[in-house]
2 protein chains.
Amino acid sequence: MPETDDTPQPPARLRALASWQASKVSTIGARLFAREMKLGARADFAVLAALDECGPLSQADIGRRLGLDRNDVNGILNRLEQGRHVTREPDPADRRRNVVTLTTGGRLHLDELQKHTDAVQDELLAGLSTAERRQLQALLTKVLGSHQPEPA
Amino acid sequence: MPETDDTPQPPARLRALASWQASKVSTIGARLFAREMKLGARADFAVLAALDECGPLSQADIGRRLGLDRNDVNGILNRLEQGRHVTREPDPADRRRNVVTLTTGGRLHLDELQKHTDAVQDELLAGLSTAERRQLQALLTKVLGSHQPEPA
DNA sequence: GCTGCTACGTTGGTCGAGCCAACGTTGGTA
DNA sequence: TACCAACGTTGGCTCGACCAACGTAGCAGC
C-alpha cells in the first residue's frame, strides 16, 4: 500500500491481541457498510439471509440462528415488516410464535444487499490473496465453532 | 466440542462473510472481557499499553495510535486520571497539548489487566492450535495494514 | 380439572463503542 | 496582522449487545 509514514503504529501489546484485531476489523467492516448502504442494513441482511436459507422461521429461531437477542430481532423485524420485506403472522400450530416469512420484495431486497455486501467484503479483504481469504475465513469459523453463539 | 445438536447454524451467506465473522468474534471477545474484568477495561488497557510502550503522549497522539476519536480518548483519560493511573499536564512546549504520563500505579494496573487479557485471549482462541493462532494474527494484521486506522 | 414451569413476543431501558458538530485556545504561517 | 490548522473539551447521536419485566400460550405433573 502507498504509505507515507504518517501512520503511527498501535502498540505491540494490542497488535498481538486477536480480540483487539477482530474488533478493529469489525469496525472497519462496519464503516465500509455504512458508506455503502443504509443504516441497519447489516442486521437486515442477516435476518433476510436466514429466512431465505431456512424458509419461514419464528422470531426466536431467527435469534438462535444469528446469535441475536429476541428483543433485537423484534426491532429488526419491525423495520423489515414496515418495508414489506417480511410478513409476521401468528403460528396456528403454536400461538405463542410468529411465523416470519420472506416476501418477494424482501427477496429482491436481499439480492440488492448481497451486491453491496460483496463489494464491502472485497474492499475489506483487499490486502489478502484468494488463498489467504479462505484461510482467514476457515480460522474465524473455527474460532466461532468453539463458542456458544448465544448469550441467553 | 461436546455438542448436542441443539445449536442451529447461521446461514451460509453469513458464514462466508469475513466482516460478519470478525464482528461475532469481536463480540465474543467483549463478552469474555466483561466476565473477566471491570467495565471499560478494554479501552483502559489500550491507552495504558500505548503509554507504556511509547512513553508520554498527547491525547491526539494516543487517538492516532489506537485509531480512536479524540473525544473518546478524553473520556477514557478522565477515568484513568481519576483512578490515578495517569497524569495529564499541559505541554510547556506546545500549550495546546496535554502530556499524558503513565504513573507507577497505572503501570501496575496495566500489568494486572494484562493477566486478564491473556486469559481472555486464551479462552477466545481455545479452538485453535498455536500455529493457527499465529496464522490468524498474521492475517488480521495484514487486513488492518491495508486500511486507514482513523476515521477523522 | 388445576398448578406450576417454560417458551414466546413485546416494551422499555442500560451501557459501551464509534462518530459528528461546535467552541475556545494556541501555533504556525502568509 | 490576519488566517488557518491542531488540540482539548463539551454535548449529542446512532448501533449493537444486553438485561428486566410483563402477558400470553403451551406443556408437563399431581
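By convention in this document, chain letters (A, B, ...) are assigned in the order of the sequence lines, proteins followed by strands, and residues within each chain are numbered from 1. Values below: every heavy atom of this structure, side chains too, minus hydrogens, waters and symmetry copies. Since we're looking at a predicted model, the values are computed, not measured.
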For the side chain of B:R96, starting at C-beta, report the closest nucleotide among C:dG18, D:dA17, C:dT26. C:dT26
When rounded to whole Å, the CZ to C1' distance for the pair A:F33 and C:dA17 reads 18 Å
N-O pairing of B:R13 and A:D52 below 4.0 Å: yes
Phosphate oxygens OP1/OP2 of D:dA6: is one of them under 4.0 Å from a side-chain N or O of B:Q59? no
Could you check B:R35 against A:R42 and say which one's nearest nucleotide on DNA chain D is further toward the 5' end? A:R42
Let me know the distance between CD of A:E81 and C1' of C:dG9, rounded to the nearest Å. 12 Å
By nearest atom, which of the nucleotides D:dA25, D:dC19, C:dT26 is closest to the A:D69 side chain? D:dC19
Answer with yes or no whether the side chains of B:Q121 and B:R133 bring together a donor and an acceptor at under 3.5 Å. no
Rounded to whole angstrom units, what separation is found between the CZ atom of A:R31 and the P atom of C:dA17? 15 Å
I need the NZ-P distance between A:K38 and D:dT14, as an integer number of Å. 16 Å
Kindly indicate whether the side chain of B:N98 and the base of D:dC7 share any N or O donor-acceptor pair separated by less than 3.5 Å? no
Any ion pair linking A:D61 and A:R65 (charged N to carboxylate O, less than 4.0 Å)? no
Look at the side chain of A:A60 and decide which nucleotide, out of C:dG27, C:dC8, C:dC19, has an atom nearest to it. C:dC8
Most 5' of A:A43 and A:P92 on DNA chain D, judged by nearest nucleotide: A:A43
Distance check needed: D:dT9 C1' versus B:L77 CG, whole Å only. 12 Å
Nearest heavy atom decides the nucleotide; on that basis, is A:T27 or A:R97 closer to the 5' end of DNA chain C? A:R97
Between P of D:dG12 and CZ of B:R70, the distance in whole Å: 19 Å
Heavy atoms from C-beta onward define the side chain here; which of D:dA17, C:dG18, C:dT11 lies closest to that of A:N74? C:dT11
B:N71 side chain: which of C:dA7, D:dT10, D:dA17 is closest? D:dT10
Does one hydrophobic cluster hold both A:L136 and B:L128, with members joined at side-chain heavy-atom distances below 4.5 Å? yes
C:dC8 base / A:D94 side chain donor-acceptor hit below 3.5 Å: no
Given that A:N78 and A:S23 both sit by DNA chain C, which one's nearest nucleotide is further toward the 5' end? A:N78
To the nearest angstrom, the CG-P distance between A:D72 and D:dC19 comes to 11 Å
State plainly whether the residues A:D118 and A:K115 are in salt-bridge range, i.e. N to O under 4.0 Å. no
Specify the separation, in whole Å, of atom CD1 of B:I76 and atom C1' of C:dC19. 14 Å
